[in-house]
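To start, the structure itself, in structure tokens.
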Amino acid sequence: MRKRIPLIAGNWKMYKTGQEAVDMARRLVQLISDVTETEVMIAPAFTALAPVSEVLKESPVALGAQNMHWEKEGAYTGEISASMLISAGCKYVIIGHSERRQYFGETDGTVNKKLGTAIQSDLIPIVCIGETEEQREAKQTYSVLDKQVTKGLNKYTAESLKKLIIAYEPVWAIGTGKTATPEQAQEAHQFIRGLIEKRFDDKLANSMRILYGGSVKPDNINRLMAMPDIDGALVGGASLDAEAFSKIIKFES
Ligand code: 13P
């Protein structure tokens, strides 16, 4: 018996035009019409949000965004606000993905501000954390995760974080085909849950969903989901193909 409802989320990154995203969303909705016990989310590019939201309307698949600015509005060329995402049909927002940290200067500080905006706007935040290969080799995995959690979640109460989802995405496993072993992922997830208990309380630690991300595929999802602290997956490459993604979503069947 699972303690938490699993969530399988697809991060489509900078792939698919509006039409391609709509076509894939239609196919996905058909393929997973029999799935009832797993929550599903897809995060297409900003330009595809509104048309994909139309496709998802009568379906259990939820819509998410890949990023967001923390301000309500303003002179921030190229950015997007929480209310824009909500009006395009989003329920979730991914915050602090390692690609945002690596290429676009995001820090635990910006993650912290964006998290506050998501909470206030009633968007479900998925905060991404994870160590690089260098950090793992230098045995810094736990200290990196500790810092990302501590600074990223700083100043919020357990009550305000009750919808928060954390995605553990080791940078060395993203897009590389090198998945963390289920044991490595479990160890990190257990550590993260322990941090939440230490910094907040056991109620939040027990209810918080922690997703694994990094080269999740139909042939490794089962073993990952068998781990007690893995509550779902944030999938990149394999979420771009409706057949592959639907197999990941049906890990239990
Ligand atoms: P891949 O599944 O392509 O490794 O990407 C993972 C990821 O970054 C999801 O956010």
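Everything quoted here is computed from the prediction, not taken from an experiment. All ligand and atom numbering here is 1-based and tracks the order in the structure.
Contact analysis leaves A167 out of contact with ligand 1, as no non-hydrogen atom separation drops below 4.0 angstrom. Heavy atoms of G175 approach ligand 1 to within less than 4.0 angstrom. Residue G214 places a heavy atom less than 4.0 Å from ligand 1.
Closest protein heavy atom to atom 6 (C) of ligand 1: G236 N, 3.7 Å. Considering only non-hydrogen protein atoms, atom 5 (O) of ligand 1 sits nearest to K13 NZ, 3.3 Å. Scanning the protein for heavy atoms near atom 9 (C) of ligand 1, the closest one is E169 OE2, 2.9 Å. At the shortest separation from atom 3 (O) of ligand 1 among protein heavy atoms lies G237 N, 2.8 Å.
Considering backbone and side-chain atoms together, H97 places an N or O closer than 3.5 Å to an N or O of ligand 1. For N11, a nitrogen or oxygen atom sits less than 3.5 Å from a nitrogen or oxygen atom of ligand 1, counting backbone and side chain alike.
Proximity of a side-chain donor or acceptor of R101 to a complementary backbone N or O of I129 within less than 3.5 Å is not detected. Between the N222 side chain and the F251 main chain, a donor and an acceptor come within less than 3.5 Å of each other. E79 places no side-chain N or O within 3.5 Å of a backbone atom of Y76 that could act as its donor or acceptor partner.
Checked by atom type, the side-chain pair W172/E131 shows a donor-acceptor distance below 3.5 Å. Counting only N and O atoms by type, the side chains of H97 and E169 include a donor and acceptor under 3.5 Å apart.
Close contacts of ligand 1 with A173, meaning ligand atoms under 4.0 Å from a residue heavy atom, involve 4 (O).
K57 and E54 are joined by a salt bridge, as a carboxylate oxygen and a charged side-chain nitrogen come within less than 4.0 angstrom of each other.
For the side chain to side chain donor-acceptor pair (under 3.5 Å) with D229, the lone residue among H189, R209, Q186 that qualifies is Q186.
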